[in-house]
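As the structure lists them, so they are numbered: ligands from 1, and atoms in each ligand from 1.
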Amino acid sequence: MNAKTRDVIIQFPDLTVRREDRLLIAGPCSVESRDQVFAVAEVVKEAGFHFLRGGAFKPRTSPYSFQGLQEEGLRILKEAADAFELKIVTEIVDANHLPLFQDTVDVLQIGTRNMSNFQMLKQLAGSGKPVLLKRGFAAKVEEFLLAAEYLTSGGNEQVVLCERGIRTFETATRATLDLSAVPIVKKLSPLPIIVDPSHSTGRSDIVRPMALAALVAGADGLMIEVHPNPQKALSDGYQSLTIDSFREFVVEMKRLWPFLT
Ligand code: PEP
Ligand code: MN
């Protein structure tokens, strides 16, 4: 028996996203420049998505990799979101940054590396902002759901889970997309769950089929990386769709839409 699911995935004074609408998020891995973000925001809007993603504070594996434009990145996101009437989803890596995010960001993303940062989860529970909680790359479903409870039990009802792949022995993909987590979470929790086919596969050539598969498996939404010039991207170019490929994906998704429950 499925847990009693909420009909509304996420709600703002001016936008309600219901389960039947899906929570559709796209944008670059990192905010790199105004031109880059505006080019992607335009196609995100054209696709009918309501949410623009982009990392301003980047939790990189190597300290020598691009760490994000930080405050400047948030300013660029805000400008693009205002211009195209989109909501902003971006990762917060430190609860001390909350005042910076408060006026700019619509959805706080907690990345895979911080899913188990319980102190931070407690601090963000009281932020009053919806949270997109990504699954830790070594977290069991049970641990993922318990991490979410740090937010819900702390008073934050607007939590959306995101399956983004887990680490296994397989090296053909960056992580292993655990699509079975989607129907399992639905049995165990009333929280919505979306899928990130970009970080889980790490390969732009298979993002589209896995995104479609996620919807068929019952995902409440998707988060997809898109870059105007993936070869020049400062992070995750190899998994980012080009603008044209994203457009083609949206056509495929719309063809599938009438068959989704
Ligand atoms: C991201 O979505 O920008 C990101 C860093 O993903 P993850 O935390 O899943 O690695
Ligand atoms: Mn990325």
Engineer: Side chain to side chain donor-acceptor pair (under 3.5 Å) for D236 and H227? Distances and angles first, verdict last.
Structural biologist: CA-CA 9 Å; D236 290 354; H227 194 286; over 6 Å; no
Engineer: Checking side chain to side chain contact (heavy atoms under 4.5 Å, CB included) between I25 and each of L222, I194, I224, which is the one that passes?
Structural biologist: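 The option that passes is I194.
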Engineer: Measure up the F51 and F12 rings against each other and bin them: parallel (under 30°), tilted (30 to 60°), perpendicular (over 60°).
Structural biologist: tilted
Engineer: List every atom of ligand 1 that sits less than 4.0 Å from any heavy atom of G111, numbering the atoms from 1 in the order shown and giving each element.
Structural biologist: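 Checking each atom against G111, I get 8 (O).
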Engineer: Testing V89, V160, I92 for side chain to side chain contact (heavy atoms under 4.5 Å, CB included) with Q109, which one passes?
Structural biologist: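 Exactly one candidate clears the test, V89.
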Engineer: Tell me the protein heavy atom at minimum distance from atom 6 (O) of ligand 1, and give that distance in Å.
Structural biologist: K134 NZ, 2.9 Å
Engineer: In this structure, does ligand 1 have an atom that sits under 4.0 Å from one of the heavy atoms of Q109?
Structural biologist: yes
Engineer: Quick test of your reading of the structure: of E225, R164, H199, whose heavy atom lies closest to atom 9 (O) of ligand 1?
Structural biologist: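 Nearest option to atom 9 (O) of ligand 1, by heavy atoms: R164.
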Engineer: What atom name does the N, O or S atom of D236 nearest to the Mn ion (ligand 2) carry?
Structural biologist: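 Going by distance to the Mn ion (ligand 2), the closest N, O or S atom in D236 is OD2.
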Engineer: Before accepting this row, confirm whether a basic side-chain N of the pair K78/D103 lies closer than 4.0 Å to the acidic partner's carboxylate O.
Structural biologist: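 A salt bridge is absent here (no side-chain N lies under 4.0 Å from a carboxylate O).
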Engineer: Using a strict 4.0 Å cut-off to heavy atoms of R113, name the atoms of ligand 1 that fall inside it.
Structural biologist: 8 (O), 10 (O)
Engineer: To the nearest 0.1 Å, how far is atom 8 (O) of ligand 1 from its closest protein heavy atom, and which atom is that?
Structural biologist: T112 N, 2.8 Å
Engineer: I want to know if ligand 1 touches D196 in the polar sense, i.e. an N/O pair below 3.5 angstrom.
Structural biologist: no
Engineer: Only heavy atoms count here, so choose which of R53, R174, E91 is nearest to atom 2 (O) of ligand 1.
Structural biologist: R53
Engineer: Test of geometry: compute the angle OE2(E225)-the Mn ion (ligand 2)-NE2(H199) and round it to 10°.
Structural biologist: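 Taking the Mn ion (ligand 2) as the apex, I get 90° for this pair.
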Engineer: Which atom names give the shortest non-hydrogen contact between L86 and A41, and what distance separates them?
Structural biologist: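 Answer, listing the atom of L86 first, then A41: CD1-O, 3.7 Å.
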Engineer: Between Q239 and G202, which heavy-atom pair has the shortest distance, and what is it?
Structural biologist: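 Minimum heavy-atom contact is OE1-CA, 3.4 Å.
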